[in-house]
Each structure stands twice: as structure tokens, then as C-alpha cells.
Undergrad: 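Below you will find the structure I want to go over with you.
In this chain, residues are counted from 1 in sequence order.
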Amino acid sequence: MYADFAFYSGTYKGIISEPEYDRLAVRAAAEINRMTFNRAKTATGDDLIAVQFAECAVVDELSN
């Protein structure tokens with residue numbers, strides 16, 4: 001996982017519960033890894049922040 005629940009709820013301002021976030025973030029990270037050919041794993045700085053926001057957005061999509 002790239003972002004924790006504190007990032008999701010505080011920075012991203014997500015609204016799902018922590019257990020739901022934890023369950024979906026694993027799937028979201030796997031999808032991001034697949035789509036980036038695992039390059040997201042080496043992201044740092046601003047790129048890492050972008051990946052964290054992307055993970056949160058995928059979590060929200062998966063929760064619908």
C-alpha cells in the first residue's frame with residue numbers, strides 16, 4: 001500500500017471507514033502496480049504523493 005488511512009482521511013479527505021479502506025487499498029495498490037509495470041514501487045517525492053492520491057482515488061472507485 002502506498003497511502004495509509006491517515007493520508008486517505010486527512011489529506012485526500014476520503015469518507016469510507018478505516019476497515020473498508022484497509023481492505024480496498026491492497027487491491028488498489030495491486031492495480032496501480034499492474035498499470036505502472038511496478039514502477040510506482042520506486043516513486044519518491046512528488047511522484048510518490050501522486051501515487052498516494054491515485055491509490056485513494058482507486059479505493060473510492062472500488063468502494064462504489
Undergrad: For a quick check under 3.5 Å, do Asp60 and Tyr21 share a side-chain donor-acceptor pair by atom type?
TA: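 Side-chain D/A pair, Asp60 to Tyr21: absent.
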
Undergrad: What is the minimum heavy-atom distance between Leu24 and Val59, and which atoms define it?
TA: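 Closest heavy-atom pair between Leu24 and Val59: CD1-O, 3.8 Å.
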
Undergrad: Just by distance, do the side chain of Asp47 and the backbone of Ala43 share a donor-acceptor pair under 3.5 Å?
TA: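 No, because the side chain of Asp47 does not come within donor-acceptor range (under 3.5 Å) of the backbone of Ala43.
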
Undergrad: Are Ile16 and Phe7 joined in one hydrophobic group, where the rule is that I, L, V, M, F, W and Y side chains link up if heavy atoms are under 4.5 Å apart?
TA: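 Ile16 and Phe7: one cluster.
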
Undergrad: Give me the ring orientation class for Phe53 and Tyr12: parallel if the planes are under 30° apart, tilted from 30 to 60°, perpendicular past 60°.
TA: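 It falls in the tilted class, 30° to 60°.
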
Undergrad: With rounding to the nearest 0.5 angstrom, report the OG to CZ distance, Ser17 to Arg23.
TA: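 It is 9.0 Å, given to the nearest 0.5 Å.
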
Undergrad: To the closest 0.5 Å, what do you measure between SG (Cys56) and NZ (Lys13)?
TA: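 Output value for this atom pair is 12.0 Å.
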
Undergrad: Hey, does the side chain of Thr36 reach the backbone of Ala40 with a donor-acceptor pair shorter than 3.5 angstrom?
TA: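 Pair found, side chain donor or acceptor close to backbone of Ala40.
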
Undergrad: Considering residues, nucleotides and ligands other than Ile15, do more than 12 of their heavy atoms fall under 6.0 Å from its CD1?
TA: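 Counting other residues, nucleotides and ligands, CD1 of Ile15 stays at 12 neighbours or fewer.
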
Undergrad: Donor-acceptor check, side chain of Glu55 to backbone of Tyr2, threshold 3.5 angstrom: yes or no?
TA: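 Confirmed, Glu55 side chain pairs with Tyr2 backbone.
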
Undergrad: How about Val58 and Leu62: do any of their side-chain heavy atoms sit closer than 4.5 Å?
TA: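 When only atoms from C-beta onward are counted, Leu62 and Val58 do touch, with a gap below 4.5 Å.
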
Undergrad: Under a 4.5 Å cut-off applied to non-hydrogen side-chain atoms, are Asp4 and Asp22 in contact?
TA: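 They are not in contact (no side-chain heavy atoms under 4.5 Å apart), so the answer is no.
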
Undergrad: Hey, is CG on Asn38 packed in by over 12 heavy atoms from elsewhere, all under 6.0 Å?
TA: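 Check passes, neighbour count above 12.
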
